[in-house]
Amino acid sequence: MSESGIDGERRRFIAWALSPSLIVLFAVAVLPAIYLVVTSLTPFQLTTPGSATDFSSPLRNYGLLPGDPRFINSLWVQAKLSCWSVLFQVLLGMLLALLLNVPSRFVEFARTFFLIPMVLPPIVVAVIWKLIYTPDISPLYYAAQALHFTMPALTSSVDFALTSIIIADTWEWLPFTFLMVLAALQTIPDEYSEAALVDGAGTLQIFWYVTLPFIMPILVISGMFRLIDSVKAFPLIFLLTSGGPGTVTEVTNYYAYLLAFDTNEIGYSSAVTVVMLLLVAGISLGLVWMGRRREAMA
Amino acid sequence: MTNQLDKTARAGRASITRRKLLKASAAGAALAAFPAPLIAQTKPFAGVTLHGASFQHRFFTLLQKYIPEFEDQTGIKVDLQLSAFPVYNQQANLELSSGGSAYDFVNVTFILAARWVAAGLLANLDEFTGDPNLTPAEWNPKDFVEGAQVPYRDAKGATYGYSWEGGAMLMGLSRMDLMEKRGLKIPKTFAELQQVCAEINGTDGVAGITSFQLHHWNLPPYIQGFGGNIFRKPPGDIMPALNTPETIEGVEFYANLLKSAPRGVLTYTEDQARQSLLTGRANIFIHSSAWVTPILLSDESKVKGTSRVVRSPAGPVHDHPASNSQGLGIPKNAKNKKAAWEFIKWALGPDISMRLVKEHGHSSVCRRSIITSDTYRKLNTVNGQDLGALYLEVLELPGKGENYMAYRTVKEFPIVGDVLNKAFEQVATGQLPAKDAMNAAQDQAIAALRRAGTQL
């Protein structure tokens, strides 16, 4: 048998072996996405018979989006939430990993302890923060009261509502970046920092010229993952602020949820979701392209 | 009520004649000779399984205890599916609008009632109540409180649901002791309410008033109190009326009132608000009776001795406390309509309603004969306060004259209600002056309704 024949057989085997997973993936991921796009081309409302199959004005929903101030505001809120929470998660995760990158039993315990928020179900995280942010039952507010300091109600304050979501989101996902950076730190050979130390470099210089270049790709990758994931802060927003006060914390997926489940505008909500999907896909592809370009340059 | 039943029973016994006894004996002999066919006749729905759905509510949890009795009496099996409120509404919306026949009976959710009725998704129950073979006279559809039944009627007056739960807005005051110390009386007007809340707020660590985040339930009585409304004249004219001077005044008033509320009240849930009242951390809570009366009735209440439950204050133009109800209905495409009616008839019959009141203290029933009965009154009179009378009074108001709750049952309400919620929060947090926020809300509401295909 020729080599290409072996390759062909292998390819066929791989295709057959993968086909059940691909079928399932197609059924649970691709088909609903296609249906979402199809629905976005209709004025679908649950109580309007025939609206689900009305394609008479397929781009109407998309045409309305630029003139919808709540949609535009939701994109802006999402951008603020994503940028700040990813920045904090990457910086704090790195800081924590640097602090805990020492061989010690206590530190090993501390590492495990820091991972807890990430493994909790998102709704549990939201409930924990709901308790922390509720003035009349929160230990945070009792402590502030003991110190004769009046704290504002964080989740219903225009100035702090988004910050309170960012803090909770950072608490939940900080362990992810921490874990990634810690793993990267443990792959750096000691010789580099030892040589730098011999050359008289200080701690900051060693970090800047030795450690940071090593962990930079991991920082970028974990930041990219978190950026894509940050659009999923839904449980926190749902439970802590319901998008308020006003529309201060109303991100795009929460707005899409309200449209679909509160006001029954399924078609318009689908259009909002499709745009969000395209934006996330665009950001992901952009980041992948940047990563490849960086690799090629290296 | 009990006395009446006893009298009827005595009257029944007195009217037994020799002829009737002979007839009964003959029937007994026939039953002994041919038992199976006759039993089958008494259970015409034997073998039927009814599929029903609603949202989770104490009423159904209690009803489930009695359902085996219904199954024994009729031979019908009842499969009752209970989900969380928003989940149920989505399921039911989808099921009914797609013309499905998965359910034989459903909860007709108050806020969705008008759109379901208008879209012809429910069966006309007058066909059942109008047939004496299907509904005995004692069941008496007119016994349901009129105000609670209004949402389940179409423009011609046909009935598509019977209410199992009524919500009537009342005012609970937890710290009358503090008020008396300060020489304050129970507020009867908006102005007095504002004064009491402001004066009590901060005294002894007590907030003047408490509330929760469902603003489009809490706020409209103030808007209507000043003479405004959510729509121009619902259900006929559904042009939003969010920026009229009266509506703006109502919004401003309620936003000011919440300055006397606990910090974070804008994101309070109903439970949080209830707890703040029951523990005496807030003096006033204005909400449905089921949420307010526990200050007098619940073991959890720490303020039983200092509490009062009264009518909510009247506005300068209108006295329109909010009210609502939830109903049971039959989907138009249900497979077992007659069996479903048997279930509704049983579940909302006088017998089960009275047992719910007597055995479980479930007071939010909608049958007038039950609410006005001695038993109900005895159970719901606390510290000399007849809570049932208050409940009935408020529940009846929309059924008398103007149906001022019509705004909430038109199908456009969820869209406008959502816009109103956001605008109110902008006012309450000082993001925008009331006039600006409500002008913007008016534009947004019109745009959103047009986007949803509403002709304005």
Side-chain angles (χ1 to χ4, degrees), chain A residues 43-52 54 60-61 63-65 67-70 73 130 133-138 141 145 150-161 164 238-250 255 257-268 271, chain B residues 86-87 89-90 92-99 112 115-116 118-121 205 207 213-215 262-269 272 275-276 279 281-282 411-419 421-432 437 440 443-444 447-453:
Chain A
F44 186 17
Q45 289 208 25
L46 284 175
T47 46
T48 310
S51 58
D54 177 2
R60 182 179 176 264
N61 290 330
L64 290 167
L65 284 174
D68 180 352
R70 272 177 79 173
N73 172 70
K130 173 94 180 167
Y133 287 145
T134 301
D136 49 357
I137 51 170
S138 165
Y141 283 84
Q145 201 177 354
T150 308
M151 267 180 60
L154 296 173
T155 51
S156 53
S157 152
V158 181
D159 300 323
F160 296 106
S164 66
F238 181 78
L239 211 67
L240 294 180
T241 61
S242 304
T247 52
V248 168
T249 60
E250 192 173 85
Y255 182 48
Y257 159 80
L258 285 181
L259 287 167
F261 294 92
D262 262 22
T263 64
N264 267 312
E265 295 174 84
I266 309 279
Y268 188 64
Chain B
V87 175
N89 288 335
Q90 283 305 308
N93 250 335
L94 197 59
E95 175 61 21
L96 295 178
S97 60
S98 60
L112 303 170
R115 71 173 85 164
W116 289 357
L121 306 177
Q213 63 186 348
L214 194 63
H215 313 302
R263 275 178 297 168
V265 74
L266 288 181
T267 52
Y268 261 30
T269 60
Q272 279 179 279
Q275 280 308 108
S276 62
T279 51
R281 283 180 286 124
K411 70 184 172 67
E412 291 77 12
F413 178 73
I415 290 177
V416 179
D418 177 54
V419 173
N421 270 347
K422 297 290 170 191
F424 172 71
E425 286 186 357
Q426 287 173 329
V427 178
T429 52
Q431 292 176 70
L432 284 174
D443 293 343
Q444 281 171 31
L449 287 177
R450 286 197 173 131
R451 186 178 69 214

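In the text below, chain A, chain B and the rest are named by the order of the sequence lines, each starting its count at 1. Every heavy atom of this structure was used, including side-chain atoms; hydrogens, water molecules and symmetry mates were not.
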Are any side-chain N or O atoms of A/R60 and backbone N or O atoms of B/R451, one a donor and one an acceptor, separated by less than 3.5 Å? yes

Of all heavy-atom pairs linking B/G264 and A/A153, the shortest is N-CB, 3.2 Å

Going from CD1 on B/I415 to CG on A/N264, what distance comes out if it is rounded to the nearest 0.5 angstrom? 8.0 Å

Heavy-atom distance under 4.5 Å to chain B: side chain of A/A260, backbone, both or neither? backbone

Check each atom of B/A452 against the heavy atoms of chain A and say whether the ones under 4.5 Å are side chain, backbone, both or neither. both

Structural part of B/Q213 lying under 4.5 Å from a heavy atom of chain A: side chain

Proximity breakdown for B/F413 and chain A, heavy-atom pairs closer than 4.5 Å: neither

Toward chain B, the part of A/L259 with a non-hydrogen atom under 4.5 Å: side chain

For B/E425, side chain to side chain donor-acceptor pair (under 3.5 Å) partners two or more places apart: B/H215

With only heavy atoms counted, which part of B/A437 is less than 4.5 Å from chain A, the side chain, the backbone, both or neither? neither

Which distance, rounded to the nearest 0.5 Å, do you find between the CZ of A/F261 and the CG of B/N93? 11.0 Å

With rounding to the nearest 0.5 angstrom, report the NZ to CG distance, B/K422 to A/N73. 9.5 Å

Tell me, for A/T134 versus chain B, whether the close heavy atoms (under 4.5 Å) come from the side chain, the backbone, both or neither. side chain

Atom of A/D262, atom of B/P414 and distance for their closest heavy-atom approach: O-CB, 3.3 Å

Between B/Q272 and A/K130, does the side chain to side chain contact (heavy atoms under 4.5 Å, CB included) criterion hold? Intermediate values first, please. CA-CA 12 Å; B/Q272 279 179 279; A/K130 173 94 180 167; 3.8 Å; yes

Spacing of CG belonging to A/L239 relative to OG1 belonging to B/T267, to within rounding of 0.5 Å: 10.0 Å

Region of B/Q275 that comes under 4.5 Å of a non-hydrogen atom in chain A: neither

Let me confirm one number: the OG1-CG distance from B/T279 to A/D136, rounded to the nearest 0.5 Å. 8.0 Å

Could you give the distance from CD1 (A/I266) to CD (B/Q90), rounded to the nearest 0.5 Å? 6.0 Å

Contact origin within A/D68 toward chain B - heavy atom pairs under 4.5 Å: side chain

Taking A/R70 for the side chain and B/V419 for the main chain, is one N or O donor matched with an acceptor at less than 3.5 Å? no

Checking heavy atoms, do the side chain of A/Y141, its backbone, both or neither come under 4.5 Å from chain B? side chain

